[in-house]
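Bear in mind that the values here come from a model prediction, so they are computed numbers and not experimental data. In what follows, residues are counted from 1 in the order of the sequence shown.
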Amino acid sequence: MLLKDKVAIITGSASGIGKEIAFEYARAGARVVIADLVLEAAAATADEIVKAGGIAMPLAMNVTDEAQVDKGVAAVVAAYGTVDVLISNAGIQIISPIVELSLDNWKKMLAIHLDGAFLTTRACMRTMVANGKGGSIIYMGSVHSHEASPLKAPYVAAKHGLIGLAKVVAKEGAKNNIRANVICPGFVRTPLVDKQIPEQAKELGISEQDVIKNVMLKETVDGEFTTVQDVAQTALFLASFGSNALTGQSITVSHGWHMQ
């Protein structure tokens, strides 16, 4: 029970990577908050966790809405008394060449990935400082926090930005025992990635199988997708680590796609 009685807010956790982390944390004893844009989806995931013997609460949260983020974190503190872990995971993908990318879509991507990370970080850090126990903030980066791919300008820019944010949080938070790190997965077969396959095939003029083999998995050592469990295990390790020895770091989980 590595996270026994810890309170963890996980954004974008009604599906995909966030959902797997929520289940992993619940199995480790945490009280998990399923923060998602759609309350019904968050409630369904929370109900699954409770039925499996865990503790969970749903929370409607648009991570780009300052008032809603602050109100949501306050509701968690009212229910559980504190916040020990934040997983900033909410994200979307928009595939487009730069010359065809609208400013609205550029801003939308950066708002969800970077504004959302900032707003949730600020609200949770305030709570962590006030409670005097510190905490762990984990950002869901990507191999694209270190590498670049065509058609993903705002995504790559945002994911690079998360590493900078984590480093600042690590330095500012150290005196209050607040750690910050970034998980950088390779391609994980989630609905977000499944949606990209036909989009990239169309833009690149190749088959969907070629997108998987020669674009998504080309640089891996074994031609395998990263799994949600791979990422969840890394998130558990980072949240349960016992000191500031591991802070301000990015950990790549990608079957060797990017090696530091």
Side-chain angles (χ1 to χ4, degrees), residues 10-21 35-38 40-42 44-45 61-64 87-117 139-163 182-232 250 252-258:
I10 308 168
T11 68
S13 52
S15 64
I17 291 172
K19 183 174 181 178
E20 187 69 20
I21 294 173
D36 209 271
L37 189 61
V38 180
E40 291 78 8
T45 296
M61 182 180 286
N62 176 350
V63 296
T64 69
I87 305 283
S88 177
N89 170 73
I92 63 168
Q93 180 62 279
I94 295 173
I95 301 297
S96 174
I98 290 173
V99 295
E100 297 174 10
L101 181 67
S102 69
L103 181 59
D104 283 345
N105 277 340
W106 170 270
K107 288 181 176 180
K108 181 179 181 180
M109 287 287 289
L110 267 62
I112 292 171
H113 290 272
L114 284 180
D115 294 355
Y139 301 100
M140 196 55 61
S142 166
V143 166
H144 289 105
S145 296
H146 300 281
E147 302 281 357
S149 292
L151 311 177
K152 297 183 177 181
Y155 185 83
V156 172
K159 293 302 187 182
H160 272 65
L162 288 177
I163 288 183
V182 186
I183 300 175
C184 299
F187 280 101
V188 181
R189 201 71 188 262
T190 63
L192 189 68
V193 167
D194 282 336
K195 179 176 178 290
Q196 292 178 53
I197 295 171
E199 291 174 344
Q200 291 204 49
K202 180 180 178 181
E203 288 287 350
L204 297 172
I206 59 178
S207 70
E208 292 186 13
Q209 189 57 40
D210 281 340
V211 170
I212 294 171
K213 181 179 179 181
N214 298 322
V215 177
M216 291 184 168
L217 304 180
K218 179 182 178 182
E219 301 300 330
T220 65
V221 297
D222 54 9
E224 296 290 338
F225 280 100
T226 302
T227 69
V228 289
Q229 184 58 208
D230 293 333
V231 182
S250 63
T252 305
V253 187
S254 68
H255 288 255
W257 177 2
H258 173 80

Between the side chain of [X] and the main-chain N/O of [Y], is any donor-acceptor distance below 3.5 Å?
| X | Y | answer |
| --- | --- | --- |
| Ser88 | Tyr139 | no |
| Ser250 | Val182 | no |
| Ser254 | Val143 | no |
| Thr45 | Ala42 | no |

Is there a donor-acceptor contact under 3.5 Å linking the side chains of Asn62 and Thr64?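 Per modelled atom types, Asn62 and Thr64 side chains form a pair under 3.5 Å.
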
Heavy atoms only: give me the nearest [X]-[Y] pair and the separation to one decimal.
| X | Y | value |
| --- | --- | --- |
| Ser13 | Asp36 | N-OD2, 3.3 Å |
| Gly91 | His113 | CA-CE1, 3.5 Å |
| Pro154 | Met109 | CB-CB, 3.6 Å |
| Val193 | Phe225 | CG1-CE2, 4.3 Å |
| Ala14 | Lys19 | O-CD, 3.6 Å |

Got a second to check how far His160's NE2 is from Glu147's CD, nearest 0.5 Å?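 If I round to the nearest 0.5 Å, the distance is 8.0 Å.
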
How long is the straight-line distance from CD1 of Ile197 back to CG of Asp210, given to the nearest 0.5 Å?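 With rounding to 0.5 Å, CG (Asp210) is 12.0 Å from CD1 (Ile197).
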
Could you please spell out the steps behind the side-chain contact (heavy atoms from CB on, under 4.5 Å) verdict for Val63 and Asp115? CA-CA 8 Å; Val63 296; Asp115 294 355; over 6 Å; no

After noting the C-alpha distance and the side-chain angles of Ile21 and Met140, does the key distance pass the side-chain contact (heavy atoms from CB on, under 4.5 Å) rule? CA-CA 11 Å; Ile21 294 173; Met140 196 55 61; 3.7 Å; yes

Output field: ring centroids Trp257/His144 closer than 6.0 Å: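 Ring centroids of Trp257 and His144 are less than 6.0 Å from each other.
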
Given Glu199, which of Lys202, Lys195, Gln196 fulfils the side-chain hydrogen bond (donor to acceptor under 3.5 Å, both in side chains) condition?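 With Glu199 as partner, side-chain hydrogen bond (donor to acceptor under 3.5 Å, both in side chains) holds for just one option, Lys195.
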
Verdict with supporting geometry, His255 and Asp230, side-chain contact (heavy atoms from CB on, under 4.5 Å): CA-CA 10 Å; His255 288 255; Asp230 293 333; 3.9 Å; yes

Verdict with reasoning, Ile183 to Val253, per side-chain contact (heavy atoms from CB on, under 4.5 Å): CA-CA 7 Å; Ile183 300 175; Val253 187; 4.1 Å; yes

